[in-house]
Amino acid sequence: MKRFTCFYAFLCGTLIYSQEITVKTRNNPSAYEYPATATSAAIPFRSGFFQANVPENFPGLGHETSQWRHLIDVRHDDPRFAMQISGYYWDQYLWFRKIGDGFLNQEWSRIVAEDASGAVHFKNRSNTPDGGNRLQFGSLGGESYGPYIRSSLSNASGVNTMMALKMGSYWKGEKNELTLINGRVGINSSSPVRTLSVNGDIYAEGGSSLSFQDDARFEVLKSDVPSLSNNSVSMPHYGLLAPNAGGSAELWFAGNSGIRMFTGGDPKPKFYMSSTGNAAFQAKIEAREIKVTQSPTADFVFADNYNLPKLEEVEEHIKEKRHLPEIASAKEMEKEGVNIGEFQIKLLQKIEELTLYSIEQNKELQKLKAEIKELKKK
């Protein structure tokens, strides 16, 4: 206690000797209260506590520009340099700056502190787009560059306030990487037009998933699709693309080992396409038109060297097998299914063979008619 009393007495003595504790008004930041004259030496400003109307270069805030403030002015070195702290009577903000000979109109910086509720407030200095506050992280060797968090103003006036929150990094230049505005989020987009606007790729690592609630949809807007040619699209092993390859957006699916589609929570896919291009459906297919490309066709039946089966042989095969030659049985079709392309060609082959049989029978019929006619004449 004795030590503290001695120290306190020493501190008070020092202040009384070297400082001014006064109610003088001080707005001028110069080094001297009275400059030197022909008859008297210059009288320097001393450190002290003052009242101020408008401290030099103090930031103005509307009606506050003509109000009184406190001023703490700490000076040293004969006293060419000073640190000043000032505050307005009617708010809880504090401001400080450092001045010196030749640097009298330095800008004031606000001292940020939490209020009674624990909140830290940044007040915008103007109502212009670039007048928003900024929390700037400086880089080595400079004070004005680095990552930042700032407000971007559309209007910063009372209940009509409209401000966006922007965050950016610094990678050899400022990067506006995240924008929050009116319930919308922009990544690498300073003016997001959707709830989430991303200018660039989205990559999910690990076992991630993208989930939507009912009535959700994946929508590709033509104006948002980059103009690409088929040759310039690099198709990934896995993915979904919507390139503007043909003048408007298409939807491309890619799966390295195939594509499966599920419905109704059934773990068995309703549609499966393998990497070879073969596709399997678990239910019927309905279409206005189906085109099957298969070669060769059945026109070989009409070749001169085609060995047309004798009808007696066909009859014998039907009696024994209960189906046409070269056509699978009903049981085999039920078990193995039917290749539509091959089956159609086999059917065409049988139709062409039937046509040849009809032509032969017609020839025989015409021959019999001619013979009957000759017999009638005789």
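Under the 30°/60° scheme for interplanar angles, the aromatic rings of Phe271 and Phe281 are found to be tilted.
The two residues Ile187 and Leu196 come nearest to each other via the heavy atoms CD1-CD1, 4.2 Å. Nearest heavy atom pair, residue Tyr238 against residue Gly255, reads CD2-CA, 4.4 Å. Considering every non-hydrogen atom in both Ala254 and Ile259, the closest pair reads N-CD1, 4.3 Å.
In the hydrophobic clustering of this structure, Val112 does not group with Tyr88; members are Ile, Leu, Val, Met, Phe, Trp, Tyr whose side-chain heavy atoms approach within less than 4.5 Å, directly or through other members. A continuous path of ILVMFWY side-chain contacts below 4.5 Å connects Val198 to Leu165, so both sit in one hydrophobic cluster. Tracing side-chain contacts under 4.5 Å through hydrophobic residues (I, L, V, M, F, W, Y), one reaches Leu347 starting from Phe302; they form part of the same cluster. Met167 and Ile181 are assigned to two separate hydrophobic clusters, defined by single-linkage of ILVMFWY side chains at heavy-atom distances under 4.5 Å. Val301 and Val314 fall within a single hydrophobic cluster, where Ile, Leu, Val, Met, Phe, Trp and Tyr side chains are chained together by heavy-atom contacts under 4.5 Å.
The backbone N or O of Arg184 sits nowhere less than 3.5 Å from a side-chain atom of Thr195 that would complete a donor-acceptor pair. Checked by atom type and distance alone, the side chain of His317 pairs as donor or acceptor with a backbone atom of His323 at under 3.5 Å. The main-chain N or O of Arg75 is found under 3.5 Å from a side-chain atom of Ser47 such that the two form a donor-acceptor pair. Between the side chain of Trp108 and the main chain of Glu56, a donor-acceptor pair closer than 3.5 Å is present. A donor-acceptor contact shorter than 3.5 Å links the side chain of Asn27 to the backbone of Asn53.
Looking at residues two or more places apart in sequence or on another chain, you find a salt bridge (charged side-chain N to carboxylate O under 4.0 Å, His left out) between Asp215 and Arg217. Every ring pair (Phe, Tyr, Trp, His ring centres under 6.0 Å) that His70 has, sequence neighbours left out, goes to Tyr89. The side-chain contact (heavy atoms from CB on, under 4.5 Å) check on Lys350 picks up Leu324, Pro325, Glu326, Ile327, Glu353, with sequence neighbours excluded.
The CZ atom of Arg260 sits 11.0 Å away from the NZ atom of Lys268 when rounded to the nearest 0.5 Å. Note that CD of Glu360 and OG1 of Thr355 are 12.5 Å apart. Values are rounded to the nearest 0.5 Å. Rounded to the nearest 0.5 Å, atoms CZ (Phe96) and CD1 (Ile72) are 13.0 Å apart.
A donor-acceptor contact closer than 3.5 angstrom links the side chains of Thr37 and Ser40. The closest side-chain donor-acceptor pair between Gln106 and Arg97, if any, does not fall under 3.5 angstrom.
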Could you list the donor-acceptor pairs under 3.5 angstrom formed by side chains in residues 200-213, with sequence neighbours left out?
from   : atom 1 : to     : atom 2 : distance (Å)
Ser208 : OG     : Glu205 : O      : 2.5

If you look only at distance, which donor and acceptor atoms sit under 3.5 Å apart when one is on a side chain in residues 329-342 and the other is two or more places apart or in another chain?
from   : atom 1 : to     : atom 2 : distance (Å)
Ser329 : OG     : Glu332 : N      : 3.2
Asn339 : OD1    : Gly341 : N      : 3.1
Asn339 : OD1    : Glu342 : N      : 3.1

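Met163 CE: more than 12 foreign heavy atoms inside a 6.0 Å radius. The number of heavy atoms from other shown groups lying within 6.0 Å of CZ (Phe103) does not exceed 12. More than 12 heavy atoms of other residues, nucleotides or ligands shown are found within 6.0 angstrom of CZ on Phe262. Taking a 6.0 Å sphere around NZ of Lys270, one finds it holds more than 12 heavy atoms contributed by other residues, nucleotides or ligands.
One finds a salt bridge joining Glu315 and Lys319 here, because a Lys/Arg side-chain nitrogen approaches an Asp/Glu carboxylate oxygen to under 4.0 Å.
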List the steps, then state whether side-chain hydrogen bond (donor to acceptor under 3.5 Å, both in side chains) holds for Asn188 with Glu177.
-> CA-CA 4 Å; Asn188 281 338; Glu177 294 176 332; over 6 Å; no
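Applying the under-4.5 Å side-chain rule to Ile, Leu, Val, Met, Phe, Trp and Tyr, the cluster around Ile351 consists of that residue alone.
Counting heavy atoms from C-beta outward, Leu251 and Leu240 have side chains that approach closer than 4.5 Å.
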